[in-house]
S.K.: 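Have a look at the structure that comes next, please.
The figures that follow rest on heavy atoms only: side chains count, while hydrogens, waters and symmetry mates do not. Within every chain, numbering begins at 1; the chains are lettered A, B, ... in the order of the sequence lines, protein sequences first and strands thereafter.
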2 protein chains.
Amino acid sequence: MINSEEAIEELKKIVKQKGLKYTEQREIVLSILIHAEDHLSAEEVYNEIKTKHTDSNIGIATVYRALSFLEEVDLITSITFGSDGKKYESNAKSHHDHLICTECGKIVEFLDDEIEKRQERIAKKNKFKITNHSMQLYGTCEDCQ
Amino acid sequence: MINSEEAIEELKKIVKQKGLKYTEQREIVLSILIHAEDHLSAEEVYNEIKTKHTDSNIGIATVYRALSFLEEVDLITSITFGSDGKKYESNAKSHHDHLICTECGKIVEFLDDEIEKRQERIAKKNKFKITNHSMQLYGTCEDCQ
DNA sequence: TTCCCTGCAAAAGGTTTGCAGTATG
DNA sequence: CATACTGCAAACCTTTTGCAGGGAA
């Protein structure tokens with residue numbers, strides 16, 4: 001999955017398949033995450049909506065429900081960095097892992113094919129069927145050393 | 001660091017260095033984690049103490065304070081698996097990563113030298129000084145497929 | 001028309017903090 | 001003897017839930 005329209009179409013399809021309803025709120029939450037530069041917490045998503053969609057009168061509970069739903073159907077992913085709590089990102093971005101500066105909070109995304117391959121091999125060896133994975137390297141970035 | 005006594009000695013040393021006090025409660029929390037089979041949440045540590053140290057009248061707040069302290073001085077590490085909340089493990093165990101079954105919660109620990117090496121290389125390329133890292137592979141284990 | 005989804009507010013869960021007393025160095 | 005640490009309870013923050021009303025199919 002690559003862009004915003006495709007993700008929105010995917011959402012419509014999934015919702016239909018499951019006999020559920022397509023709502024503006026779910027679309028807004030998904031689109032916020034698609035266009036976000038950073039990883040956002042539930043509250044940050046809520047604030048974004050309050051700021052950018054002043055017409056929409058969304059409740060925080062709906063944001064939580066939408067996030068759970070979107071994660072369940074695999075349109076978004078959550079990760080937890082240290083004590084910062086749960087944050088979400090759109091799966092429309094291609095897969096990557098994270099380098100995290102524990103001083104300033106800077107996050108660098110990266111991908112290493114060899115690591116990806118070895119992860120598969122480890123899973124197979126342990127007879128796991130992998131659906132997902134996350135890797136975080138913690139340290140200090142150049143500026144903070 | 002390898003065994004319980006060494007970790008306790010390390011704790012005494014650190015506490016002394018910082019001009020802090022060595023307390024039974026900190027020692028108990030650390031030893032619980034050292035002897036734990038699993039990764040424990042704050043509340044699980046608290047319950048263990050309540051069960052195994054019936055003489056000690058520890059409060060949950062003290063457990064949280066001890067865990068934060070021990071993590072800060074790098075004697076224990078916290079990880080967060082999905083929605084299960086924060087869990088702690090002793091650093092006296094050697095480093096490893098985690099395979100996690102999203103169905104039954106089973107956790108398999110593993111280590112892959114090649115991945116460890118590549119992580120170092122990636123950090124260097126991005127000019128990060130790594131202090132720590134964690135990697136989780138999520139999926140279903142043999143029994144749950 | 002059906003019933004899924006929403007907003008609101010209350011509840012729940014987990015973690016932190018203030019305070020007075022306790023115990024360590 | 002100074003003061004860091006503790007237990008308790010209250011406060012806090014984040015997330016979930018119950019419910020009545022509203023909107024998509």
S.K.: Rounded to the Å, how far apart are A:Tyr88 OH and D:dT14 C1'?
M.R.: 11 Å

S.K.: Calculate the interatomic distance between B:Leu70 atom CG and D:dC5 atom C1'; express it in whole Å.
M.R.: 14 Å

S.K.: Assigning hydrophobic clusters by single linkage (Ile, Leu, Val, Met, Phe, Trp, Tyr; side-chain heavy-atom cutoff under 4.5 Å), is B:Ile122 placed with A:Ile122?
M.R.: yes

S.K.: Quick one: B:Leu67 CG to D:dC5 P, roughly how many Å, whole number?
M.R.: 15 Å

S.K.: Under a 3.5 Å threshold, yes or no: a donor from one side chain and an acceptor from the other, between B:Glu6 and B:Ser4?
M.R.: no

S.K.: What is the distance from CD1 of A:Ile49 to P of C:dT6, rounded to the nearest Å?
M.R.: 11 Å

S.K.: Work out which heavy atom in B:Ser90 is nearest to a heavy atom in B:Leu33; give both atom names and the distance.
M.R.: CB-O, 3.7 Å

S.K.: For DNA chain C, which residues of residues 19-33 of chain B approach it to below 4.0 angstrom with any heavy atom?
M.R.: B:Lys21, B:Tyr22

S.K.: DNA chain C: B:Arg65 or A:Ala66, which has the more 5' nearest nucleotide?
M.R.: A:Ala66

S.K.: Base contacts versus sugar-phosphate-only contacts with protein, heavy atoms under 4.0 Å: please encode nucleotides 10-15 of chain C as B, S and - from 5' to 3'.
M.R.: ----SS

S.K.: Rounded to the nearest 0.5 Å, what separates atom NZ in A:Lys86 from atom CG in A:Leu40?
M.R.: 14.5 Å

S.K.: Please list all pairs meeting side-chain hydrogen bond (donor to acceptor under 3.5 Å, both in side chains) that have one or both residues in residues 12-25 of chain B, counting only residues at least two apart or in different chains.
M.R.: B:Tyr22-B:Glu27

S.K.: What's in the same ILVMFWY side-chain cluster as A:Leu111, cut-off under 4.5 Å, chained through other members?
M.R.: none

S.K.: Rounding to a whole Å, what distance do you find between A:Asn57:CG and C:dA9:C1'?
M.R.: 14 Å

S.K.: What's the CD1-C1' distance between A:Ile14 and D:dA24, to the nearest Å?
M.R.: 18 Å

S.K.: Calculate the interatomic distance between B:Gln17 atom CD and C:dG25 atom C1'; express it in whole Å.
M.R.: 16 Å

S.K.: Please list, chain by chain and in numerical order, all residues satisfying side chain to side chain donor-acceptor pair (under 3.5 Å) with A:His95, sequence neighbours excluded.
M.R.: A:Glu116, A:His133

S.K.: Using whole Å, what does the distance between atom P of nucleotide D:dT16 and atom OH of A:Tyr46 come to?
M.R.: 16 Å

S.K.: Cut-off 3.5 Å, side chains only: do A:Glu89 and A:His39 have a donor facing an acceptor?
M.R.: yes

S.K.: Would you work out how much the helix from C:dT1-D:dA25 to C:dG25-D:dC1 bends between its ends, with each end axis defined by five base pairs, to 10 degrees?
M.R.: 40°

S.K.: Grab the two heavy atoms, one from A:Leu20 and one from A:Arg26, that are nearest each other, plus how far apart they are.
M.R.: CB-NH1, 4.3 Å

S.K.: Which heavy atom of B:Ile34 sits nearest to which heavy atom of B:Ala92, and what is that distance?
M.R.: CG1-CB, 4.4 Å

S.K.: Can you confirm whether A:Lys127 is buried at NZ, in the sense that more than 12 heavy atoms of other residues, nucleotides or ligands lie under 6.0 Å from that atom?
M.R.: no

